Trainee: 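Let me begin by handing over the structure; questions about it come next.
Computed over heavy atoms, backbone and side chain alike; hydrogens, waters and symmetry mates excluded. Predicted model only: the values in this text are computed from it and were never measured.
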Amino acid sequence: MFRIPTGNPENNTLALLQAQQLGYLHVNMDLDTRDWEYKPGTPIPPPDLDGLGHVMLVHDGGGDRTATIEMLKEFIPRAKAQGYRFTTLEPMLPAGFVPERSVTAGLQDNLTFGALTAYLVTPNVVMNWLFWFGVGSLTILTFLFVVLALVNNSKQRKRKWVPSETGDWPFVSVVLPVFNEEPVVLKTLEALKASDYPHFEVVAVNDGSTDRTLEVLKGYAETWPQLRVYTQPNSGKPAASNDGIAQSTGEVIVTLDGDTLFEPRTIRMLARHFVAASGTKEIGAVAGHVKVGNRRNLVACWQSLEYLSGICVTRMAEGLMGAISIVPGACAAWRKEALVKAGGYSDATLAEDADLTLSLHQLGYSIVQENNAVAWTEAPLTFRGLFKQRSRWTYGNIQTLYKHRSMLFNPKFGALGSLTMPYALISVLVPLIFMPLAVCVAVLSLARGEWQAIAVFSIFVMATHMVISVVAVLMVHESPFHLLIVPIYRLIYEPLRAYVVFGSALRALRGAAVGWYKPQRTNSAVLPSASAEHRQLSPTA
């Protein structure tokens, strides 16, 4: 049974039709006591009766109904004295509309019930669940990582680095694998030559370049004896890196890419960790701080903020827990002994640096983060280039997680096995399952005008990311300009995540070839002039 509020079906046709579609019988009143018009404490006069039957309207809610009850105490006896009897609606219903007391649901009933539940109930339930799950998990993880990052940053700032004599610094071999890097490799070499580190060599390995890369390398080596150049048939980046490691003579290996520009003190900031012991485990690798050096458009600025928040907060937090899962090959230092034990870079995945990092963890080495070791890299300037790069990274990380799956939830590896790696796995699996569902629920909610929960969640996510970004900017004294990207960050991130997650899943199902990733080089990365101040620092500082 259903009655339209105000009892005016002629002027509320939509409500009447919707009620009929849902199987309701509309029953109207014809005797209105209008008890809702009287203020509390005001007597309500009983309605007059004319000897005909009526459907009578009184209210038991919406305020103090004491006056209604008092009116009924007078009205009911008076009506009975006039021959009226009181009943429910059932005896008055036409045939076919009398409710059955017991009904066995048939196939059509169940299908109808399921369809209506899926349309009317499930979206709200799912949206509420996703909303609170997202808010809860995001709040907990953000608070945890921000606190851990700040603690680790404070710990590093308070650490006293004992000045070392020049002879105490380890000899460093900078390994530079290159393939068709003619537009940028000269600038990379110039930045290395400006390094303030006292004892290092550069081992450049040309992996069968088809442009003038080898010619540029050999020409530069004629004027800089610290540069040694080797060449090999095209075999891929892991093979070129391993060749450079084999040819190197240093006890510490520093790696970078062909488009990466080191600040003058970067090698020293990396190498000092191998001089001063820290913790109970021997340091196997040091992760540097990679920054975007070509912030020329929105795509590059977006990546700059992503690099900044990911390294300064996430990796700093992981560092405190001993759970760094990726040491970026674009700016890193490795203990050569550890590299040899791990077998060097593997060509089994597209994320060879992440693969090697986990291998060092399995060998018992520790990994640390050094934010003062800064390298400026050339980021993709187009969405097409960005999507291709992140697709390769995501697919490579899936391969790496599968290869090292024995570390997942393994208490032997502490927070790395119980938090960092499971979170990386969840960040791939959860979108595969919930992203299509969340999109469908959001579309249905917006179609029904229920946008409030979506808006609140979006604002909450943006505010949370703003907190992370502010912490990152303050931690490394970066430009506050990055904060302007926060409001539009998700507009790029969500389509990008959908593309790389589903694209990587498809590639994983059908397999994919492993080889060099060669983004278009624009020679647009630059070393900020502010870094020039570090050139006057003593190597023992």
Side-chain angles (χ1 to χ4, degrees), residues 144-172 195-200 250-255 262-291 307-328 331-335 337-338 357 360-361 364-375 414-416 420 468 470-478 530-531 533-541:
L144 174 64
F145 275 77
V146 167
V147 170
L148 292 177
L150 290 173
V151 170
N152 196 17
N153 184 65
S154 175
K155 182 179 178 182
Q156 289 192 4
R157 287 182 179 276
K158 293 179 180 179
R159 181 176 180 181
K160 302 297 182 181
W161 295 91
V162 179
S164 302
E165 296 298 330
T166 303
D168 292 335
W169 290 91
F171 188 73
V172 172
S195 173
D196 63 13
Y197 194 73
H199 306 299
F200 76 100
E251 58 186 289
V252 173
I253 305 295
V254 170
T255 58
F262 274 11
E263 291 186 355
R265 66 172 182 169
T266 294
I267 298 177
R268 178 165 52 88
M269 292 294 102
L270 292 170
R272 65 179 180 174
H273 288 272
F274 297 93
V275 177
S278 176
T280 57
K281 292 183 178 180
E282 190 174 37
I283 292 178
V286 181
H289 187 177
V290 181
K291 295 185 178 183
Y307 280 34
L308 188 65
S309 57
I311 293 174
C312 294
V313 176
T314 304
R315 201 181 295 159
M316 283 293 285
E318 292 175 350
L320 186 65
M321 297 184 292
I324 294 178
S325 59
I326 300 178
V327 176
C331 183
W334 313 79
R335 189 180 297 276
E337 177 187 0
T357 302
L360 293 190
H361 277 292
Y365 289 99
S366 67
I367 312 293
V368 297
Q369 173 67 27
E370 176 53 75
N371 281 345
N372 290 318
V374 179
L416 177 67
T420 302
I468 295 175
V470 169
V471 170
V473 166
L474 294 176
M475 192 177 294
V476 292
H477 308 290
E478 259 288 355
S531 66
E533 65 187 53
H534 301 307
R535 298 182 184 181
Q536 305 303 321
L537 295 177
S538 166
T540 60

Trainee: For Ile283 and Arg335, which heavy atoms make the closest approach, and how far apart are they?
Mentor: O-NE, 2.7 Å
Trainee: Identify, with sequence neighbours excluded, every residue that meets side-chain contact (heavy atoms from CB on, under 4.5 Å) alongside Glu251.
Mentor: Pro170
Trainee: Under 4.5 Å between any side-chain heavy atoms of Val476 and Met316, yes or no?
Mentor: no
Trainee: Considering the options Phe274, Tyr197, Phe200, which one meets the ring pair (Phe, Tyr, Trp, His ring centres under 6.0 Å) requirement together with Trp169?
Mentor: Tyr197
Trainee: What closest approach, in Å, do Val146 and Ile468 show between heavy atoms, and which atom pair accounts for it?
Mentor: CG2-CG1, 4.2 Å
Trainee: Return the NE2 to OG distance between His361 and Ser325, rounded to the nearest 0.5 Å.
Mentor: 7.5 Å
Trainee: Please enumerate all residues that pass side-chain contact (heavy atoms from CB on, under 4.5 Å) together with Leu144, with sequence neighbours excluded.
Mentor: Leu148, Leu419
Trainee: Identify the two heavy atoms, one from Ser309 and one from Ala472, that lie closest to each other, and give their separation to 0.1 Å.
Mentor: CA-CB, 4.0 Å
Trainee: Does Ala373 have any side-chain contact (heavy atoms from CB on, under 4.5 Å) partners at least two apart in sequence or in another chain, and if so, which?
Mentor: Thr266, Met269, Leu270, Glu370
Trainee: With sequence neighbours excluded, what pairs up with Ala285 under the side-chain contact (heavy atoms from CB on, under 4.5 Å) test?
Mentor: Val327, Trp334, Leu360, Ile367
Trainee: Output the distance between atom CG (Leu320) and atom CZ (Arg315), rounded to the nearest 0.5 Å.
Mentor: 15.0 Å
Trainee: Check for a donor-acceptor pair, side chain of Arg265 on one end and backbone N or O of Asp196 on the other, with a separation under 3.5 Å.
Mentor: no
Trainee: For Leu150 and Met475: C-alpha separation, side-chain torsions, deciding distance, then whether side-chain contact (heavy atoms from CB on, under 4.5 Å) applies.
Mentor: CA-CA 8 Å; Leu150 290 173; Met475 192 177 294; 4.0 Å; yes
Trainee: Tell me the closest heavy-atom pair linking Cys312 and His289, and the distance in Å.
Mentor: SG-CE1, 3.5 Å
Trainee: Look only at the side chain of Arg268 and the backbone of Ser195, and say whether a donor-acceptor pair between them is shorter than 3.5 Å.
Mentor: no
Trainee: Could you list the residues that satisfy salt bridge (charged side-chain N to carboxylate O under 4.0 Å, His left out) with Glu478, not counting sequence neighbours?
Mentor: Lys291, Arg295
Trainee: Rounded to the nearest 0.5 Å, what's the gap from NZ on Lys158 to CG on Asn153? Could you check?
Mentor: 10.5 Å
Trainee: Check side chain to side chain donor-acceptor pair (under 3.5 Å) between Thr420 and all other residues, then give those that pass, not counting sequence neighbours.
Mentor: none
Trainee: Please list, chain by chain and in numerical order, all residues satisfying salt bridge (charged side-chain N to carboxylate O under 4.0 Å, His left out) with Glu337, sequence neighbours excluded.
Mentor: Lys341
Trainee: Which heavy atom of Phe262 sits nearest a heavy atom of Ile267, and at what distance?
Mentor: CD2-CG1, 3.9 Å
Trainee: To check you understand the geometry: which heavy-atom pair defines the closest contact between Val290 and Cys331, and what is its length?
Mentor: CG2-CB, 3.9 Å
Trainee: Please name all residues satisfying side chain to side chain donor-acceptor pair (under 3.5 Å) with Asn371, sequence neighbours left out, ordered by chain then number.
Mentor: Gln369
